[in-house]
Number of protein chains: 2
Amino acid sequence: MATIIDLATKAGVAPITVSRVINNSGYVREDVRKRVQQAIEELDYVPNALARGLRSKRTFTLSLVLTDITNPFFTTMARGVEDAASANGYMLLVCNTDEREDKERMYLRLLLQKRADGILLVPSRKRSGNADLFRNRHTPVVILDRRVEGISADVVRGDSVQGAYQLGVLLAGLGHKRVAMLTGPSGVSSSEDREIGFRKAMKEAGIESTLLVYNGNFVQESGMEMTNKALQASPSPTAIFAANNFIAIGALKALQAKGLRVPEDIAMVAFDDLPESMVTFPFLTVAAQPAYDIGVQGVRLLLERLESEEPTSFREVILPNELIVRKSSGGAVKYQ
Amino acid sequence: MATIIDLATKAGVAPITVSRVINNSGYVREDVRKRVQQAIEELDYVPNALARGLRSKRTFTLSLVLTDITNPFFTTMARGVEDAASANGYMLLVCNTDEREDKERMYLRLLLQKRADGILLVPSRKRSGNADLFRNRHTPVVILDRRVEGISADVVRGDSVQGAYQLGVLLAGLGHKRVAMLTGPSGVSSSEDREIGFRKAMKEAGIESTLLVYNGNFVQESGMEMTNKALQASPSPTAIFAANNFIAIGALKALQAKGLRVPEDIAMVAFDDLPESMVTFPFLTVAAQPAYDIGVQGVRLLLERLESEEPTSFREVILPNELIVRKSSGGAVKYQ
DNA sequence: AGGTATTATGATAACGTTATCATATCAATG
DNA sequence: CATTGATATGATAACGTTATCATAATACCT
């Protein structure tokens, strides 16, 4: 493969002059630039980003570490990250941790090796056991979607407390007295924040004492299990709050299996919307997070930190959710 | 940041010996290995993958160029790619082309610069205008999901002809005589193959003459538009074949807007299934592609090519689809 | 004309690692 | 004991680029 030296020979200049043409930096006379550019064409030259990165200490690569790209929320977020990165000339490395701290650690190590200019991380745990990896290193990190302890970084996330609170207020306003809350994993901030927000709404409505709480995970099976448990309670709940999209879908499946209709027999609200393009008949009342925008803002913060040499203080961007009321929350509860 | 030379100094050996310890290559005495490893720990050493790649000509990075990661089919495929890559010690660069050849070209150029060891490509067009990028270069390419002309590469894809054919046979067997086919973009092999397969089934059933064909794109809006046009035909079709998941969802929405029920008023079959975890009530009769496996097999072929030095002949892996019959295709047609 | 700033180009070294070749030690073999 | 093969370590150069410093040529000013 042709190198900058081949070009230099061909164009009759020094390698550094070729470098100037490629990078559009420094002074180059017009006719020299033409000659070099012609050499580039003729030799079908492709710059070696490894050598560039090694010398210049910039790789123009960002990396995204998330739990699972097949979760539509993260898919959309990832697309936002990729678009924003690409628009600024950066490429994107993507890694799935499956909420496992060991996988997260493995990936973060590799990313440090690759000298990615920055890392966008959806941390697997609130108390990260991997915070040490970033100490004494200058790779900036932006935390997405969740809070985390111990890592000095900018944060971009949706307002889980507020979103869950709104859903709780909605249910209370409809007259529900016995509500079941299906949570995600403890130790994950988004899950805990949703619990906090929803609980607050229940408390304000004076129905916290009858709140049924089930702890699970952000997956469908967990949603089914928690729902089946909730239905065994007596008296059984008249409404369900699911802490994310997968739990919600699991819950709906469990309800259907039992022959229960939503919202006629039991109402339902959930966190996370599904993309419009993926759903035939939008049905769930949800707190929709601005997934795409979380990704875009994350890249913005990261690049700003990369540009400015002086260490600016860390920022926390909390984006509001959108309450979308659809069929699943039903009308006012008539019987009690 | 500590380098291999710092480690060497600390451990009292030559840099190359440190390299041997890190790469677990060559001979190193046990006590020396220990000393080096201790130095690694103490200095919190992270190898520089740029320098490694520059010298060794291997980056342990693969790249995935697809049209849009927010399409669940590609999301699943991407996950398959990432898992397989990761299992073999490779990281993954991901790029979205939005079916645009110019974006595709821009990304492929960048990937060549980054010296990714291999590229997995979902080509935007059947006749690729970017084939020239790979000539005289040794970066191996695997084409996923589609056929493409001009690029010498392994191919992994689902059997679009067969899948569409099966769906056509199904509809014909149910007694439909007037069927509408909503296709994807012309010039994209998966779309064209589906048209071929479906047409074949129509022909064999002797109902090709009444087949209504609408050409569109793999997006929801296109599905809605084509459906609205199809409904204006007289007599109107009794069944619809949608060439992908987004078209299908658009079609369902258009039908719903017109107050038509599926399958009672009109039957429907489609290509691509939606992940079980994302759908509350699976309803569409589909030809489901093994998306995850397409990704895994793609990486397998790519790595095999990387391992073997001799140029082996290119392979085409065509994975079968699964016909999943659900409600939307309805029972036998009673009226005509 | 002399001095200063701007434009233009290059020489050299360095980024951090590993490929290649060379050499030294040691144990085993007949 | 000389020979061989395995074990162990290192010196040197190279991968392809750019940071840094130096120098030359030209334009601009008084």
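These values consider heavy atoms only, across backbone and side chains, with no hydrogens, waters or symmetry-generated copies. A, B, ... follow the sequence lines: proteins, then strands. Residue 1 opens every chain.
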How many Å lie between CZ on A:Arg29 and P on D:dA24, as a whole number? 17 Å

Which salt bridge (charged side-chain N to carboxylate O under 4.0 Å, His left out) pairs, counting each pair once, include a residue from residues 2-24 of chain B, with sequence neighbours left out? B:Lys10-B:Glu42

Side-chain donor/acceptor of A:Arg115 to backbone N/O of A:Leu112, under 3.5 Å: yes

Answer yes or no for B:Arg29 and B:Tyr27: cation-pi contact, defined as NZ/CZ to six-membered ring centre under 6.0 Å and angle to ring axis within 45°. no

With a 4.0 Å cut-off on heavy atoms, is B:Ala51 in touch with a base, just the backbone sugar-phosphate, or nothing at all? base

DNA chain D nearest-nucleotide lookup for B:Leu54 and A:Arg55: closer to the 5′ end is B:Leu54

Closest-nucleotide mapping onto DNA chain C: is B:Ile16 or B:Leu50 further toward the 5' terminus? I mean the 5' end. B:Leu50

Using the heavy-atom set of chain B and a strict 4.0 Å cut-off, write down the first and last nucleotide of DNA chain C that makes it in, 5' to 3'. C:dG16 to C:dA19

Will you find, in the side chains of A:Ser86 and B:Tyr107, an N or O donor that is under 3.5 Å from an N or O acceptor? yes

Any donor and acceptor pair, going by atom type alone, linking the side chain of A:Gln297 with main-chain N or O of A:Val317 inside 3.5 Å? no

On DNA chain D, does the nearest nucleotide to A:Ala2 precede the nearest nucleotide to B:Val28 from the 5' side, or the other way round? Give the residue. B:Val28

With no hydrogens and no angle check, do the side chains of B:Asn23 and B:Arg52 hold a donor and an acceptor under 3.5 Å apart? yes

